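Notes for the one structure printed next.
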Amino acid sequence: MILFIVLAVVSIAAAVGVIAAQNPIRSAMALVLNFLVLAVIYFSLNLHLLGISQVLIYTGLIMMLFLFCILLLNLSAPQMLTEPSYLKRWAAVLVTGSLLVVLFSQIVGPWLVPVPPNNTFAGVISNAPDDFGTAKAVGNALFNHWVYGFEIASLLLLVGIVGSILVAKRRG
Amino acid sequence: MTPEFWWGTLRALIIIAFVLVGVPPVIWWERRLLSWMQDRVGPNRVGPWGLLQPIADGVKLFFKEEVMPAAVDKFVYWLAPAIALFPAFVIGATLVWGPNPMLTPVADVDIGILWVLAISSLGVYGIVLGGWASNNKYSLLGGLRSTAQLVSYELAMGVALYSVLLVTGSLKMTEVVARQQAPLYDVLPWAQNWFILTPYGFGAGVIFLICMIAETNRAPFDLPEAESELIAGFHTEYSSMKFAVFFMGEYAVMAMFGAIFTDLFLGGWSPLPLNWDYLSAQASAAHLGWLSSALSFIGGAWMAPVWFIGKVFFLLTVYIWIRATLPRLRYDQLMNVGWKFLLPFAALNFVLTAVWMLFGWLAFGIAAAVVAAGYLMVVGFVLRPRAFKDAAKVHLVDVQANTAQTIEVQR
């Protein structure tokens, strides 16, 4: 529990850092830290595969590409990123506010309205099968039960990649 | 504090000690071996055969004046060497160097191989951030090259490891090593099924070796610090202990990757691909008691670290040997090798491994022959003529008139 609180504080601080940092590189670093801490939280919940996928895909590859783009384009003019329109700002406040309400209702709700024991966090955890979240269980789910959905999703991604290459080629 | 906690601490400390103690001899060996290969003498003044040279260097670096350029991003500049050193210590968490489950690996989680892939990609953040924070265009270019190189070679490395996973059927490092202690090709009882001895494992091993040299930024893939183009690349502006930390991180990750290669392809901690238990039983059946005990001692738990370190040392020698042999790649060559050769070859190797698993070695041989023939056809009839056609076009630039034209040249 102490570990979780420490990790949660660090991860929230990092998340704030992402949007508060003036410099895009600092922002990206804060996001990397956030992803890493999130992975550690997954590890502490015994979800090894999820945690390592987080590190491998997000911190290892996606953030690396982000950094590459930031460095290559040399994004360092924060004044260009300010948004003058007040209407858009109010819309943003509305959307984030409603999202916040949804999230807090999930946190505060269980104290106000009694939840059947099977639906609480502890209940779900104790009812989970032994191999929940292991590489074997996830692999079985992806490649046996939902193999068609998985393949269709991968095909979609492939189409996306080919399409982006086509667009880039046509322009150049 | 439970006993398990103390055993876990001990396991972690062993890996950290291995990294810390291992780096100075590796640096010494690199300098000596490289000088022999290049017909020089090398460092031989400090201590016997120059053995104390790394310590002298360390003391020198420690007392050296710290020079920090004026317009650096101080926080990132400080942090970058630490990030570069971090994966060297952490990547060994799933490393198996012996048969005793109390001592190794640090954590036998069911994501062992993914752990290696994930952590190895984190070290490059140190290089990128260091290159960026230095506020020097050469450093920045070094960092940029490093990211592109990592993303290209990480993929091929992962796909090459699919073959190992497919044969093992598990992501655990202990299972990978155990699978390699089975009879060779599941037929020969006196030999071990080291993946490097199987055709698919050999293909995967070669690709993994190339990718691991690229991931550790070693020659011929040392473009991030190419001294003839970028001064010293990402660590141009680093001096004193910060440079030493970068330097140490590079060698430590090299040694760690050597150890990972040992685990994945060279059968872990067994000295030779021989089934020591089987041979020992045979010797005792032939009433050769001393031979039997000698064999079980050689293949046993006490000698395991010795053989393991020996193999890691051999792989480090290979690193140095390759550095002494091959010139540095050009940037476009680097990308071509990664995307057009290593990745397709790794994917083909993966498919062939599946054929071997499903239909046996005969089908594997036929499939491999078909693939090889197809490759030669494509190269011989499609790619090579096109390449020659391109070579026949000559691009002429008249600098003074500021004009350019492309003409066809008759061969």
Side-chain angles (χ1 to χ4, degrees), chain A residues 17 21-33 35-40 42-76 130-140 143 158 161 165, chain B residues 73 75-77 79-80 83 86-87 90-91 93-94 107-133 135 137 139-155 157-158 165 168-172 175 215 234:
Chain A
Q22 289 288 309
N23 191 321
I25 299 269
R26 293 278 181 93
S27 239
M29 279 172 67
L31 193 54
V32 169
L33 181 67
F35 284 151
L36 276 180
V37 173
L38 210 56
V40 177
Y42 289 145
F43 284 140
S44 70
L45 291 172
N46 262 341
L47 296 172
H48 296 140
L49 188 69
L50 192 61
I52 206 71
S53 309
Q54 174 91 13
V55 176
L56 186 64
I57 296 168
Y58 282 99
T59 49
L61 294 175
I62 293 185
M63 282 316 293
M64 193 56 67
L65 285 176
F66 270 37
L67 261 185
F68 186 78
C69 293
I70 292 171
L71 289 176
L72 203 63
L73 302 175
N74 207 3
L75 290 174
S76 55
D130 281 343
D131 62 348
F132 182 73
T134 60
K136 202 166 219 165
V138 174
N140 258 330
F143 294 106
L158 191 67
I161 293 166
I165 289 173
Chain B
D73 187 325
F75 175 67
V76 183
Y77 183 83
L79 196 65
I83 299 176
F86 163 75
V90 180
I91 202 170
T94 56
D108 192 18
V109 284
D110 61 349
I111 49 163
I113 293 173
L114 286 180
W115 177 265
V116 169
L117 287 175
I119 300 300
S120 71
S121 63
L122 293 184
V124 82
Y125 276 109
I127 294 173
V128 183
L129 294 174
W132 173 76
N135 194 28
K137 53 181 159 269
S139 303
L140 182 66
L141 277 175
L144 271 178
R145 284 181 176 190
S146 185
T147 43
Q149 183 174 327
L150 178 103
V151 170
S152 314
Y153 281 79
E154 179 91 8
L155 269 178
M157 181 187 252
L165 296 189
T168 312
S170 170
L171 286 163
K172 277 187 186 178
E175 299 265 332
E215 291 236 335
F234 60 94

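Throughout, protein chains are lettered first and strands after them, A, B, ... in sequence-line order, and every chain is numbered starting at 1. None of the values given here were measured: they were computed from a predicted structure.
- A distance of 4.5 Å separates CZ in A:Phe43 from CD1 in B:Ile111, rounded to the nearest 0.5 Å.
- Both the backbone and the side chain of A:Met63 come within less than 4.5 Å of a heavy atom of chain B.
- By the ring-ring contact (aromatic ring centres under 6.0 Å, His included) test, B:Tyr77 is found to be paired with B:Tyr238, residues two or more places apart in sequence or in another chain being considered.
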Pairs of donor and acceptor atoms involving the side chains of residues 54-61 of chain A, under 3.5 Å and at least two apart or interchain, shall be tabulated with distances.
| unit_1 | atom_1 | unit_2 | atom_2 | d |
| --- | --- | --- | --- | --- |
| A:Thr59 | OG1 | A:Val55 | O | 2.4 |

Would you check, one step at a time, whether the test side-chain contact (heavy atoms from CB on, under 4.5 Å) holds for B:Thr147 with A:Leu65?
CA-CA 7 Å; B:Thr147 43; A:Leu65 285 176; over 6 Å; no

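- Put simply, CD1 on A:Ile52 and CG on B:Leu114 are 6.5 Å apart, with the number rounded to the nearest 0.5 Å.
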As a quick check of understanding, evaluate side-chain contact (heavy atoms from CB on, under 4.5 Å) for A:Met64 and B:Tyr125, giving each step before the final call.
CA-CA 8 Å; A:Met64 193 56 67; B:Tyr125 276 109; 3.7 Å; yes

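- Interface residue A:Leu67: only side-chain heavy atoms are found under 4.5 Å from chain B.
- Just one residue in the list B:Leu150, B:Val151, B:Leu144 forms a side chain to side chain contact (heavy atoms under 4.5 Å, CB included) with A:Phe68, and that residue is B:Leu144.
- In this structure, chain A has heavy atoms under 4.5 Å from both the backbone and the side chain of B:Leu117.
- Looking at B:Leu79, the atoms closer than 4.5 Å to chain A (heavy atoms on both sides) all sit in the side chain, from C-beta outward.
- To the nearest 0.5 Å, atom CH2 of residue B:Trp132 and atom CE of residue A:Met29 are 8.0 Å apart.
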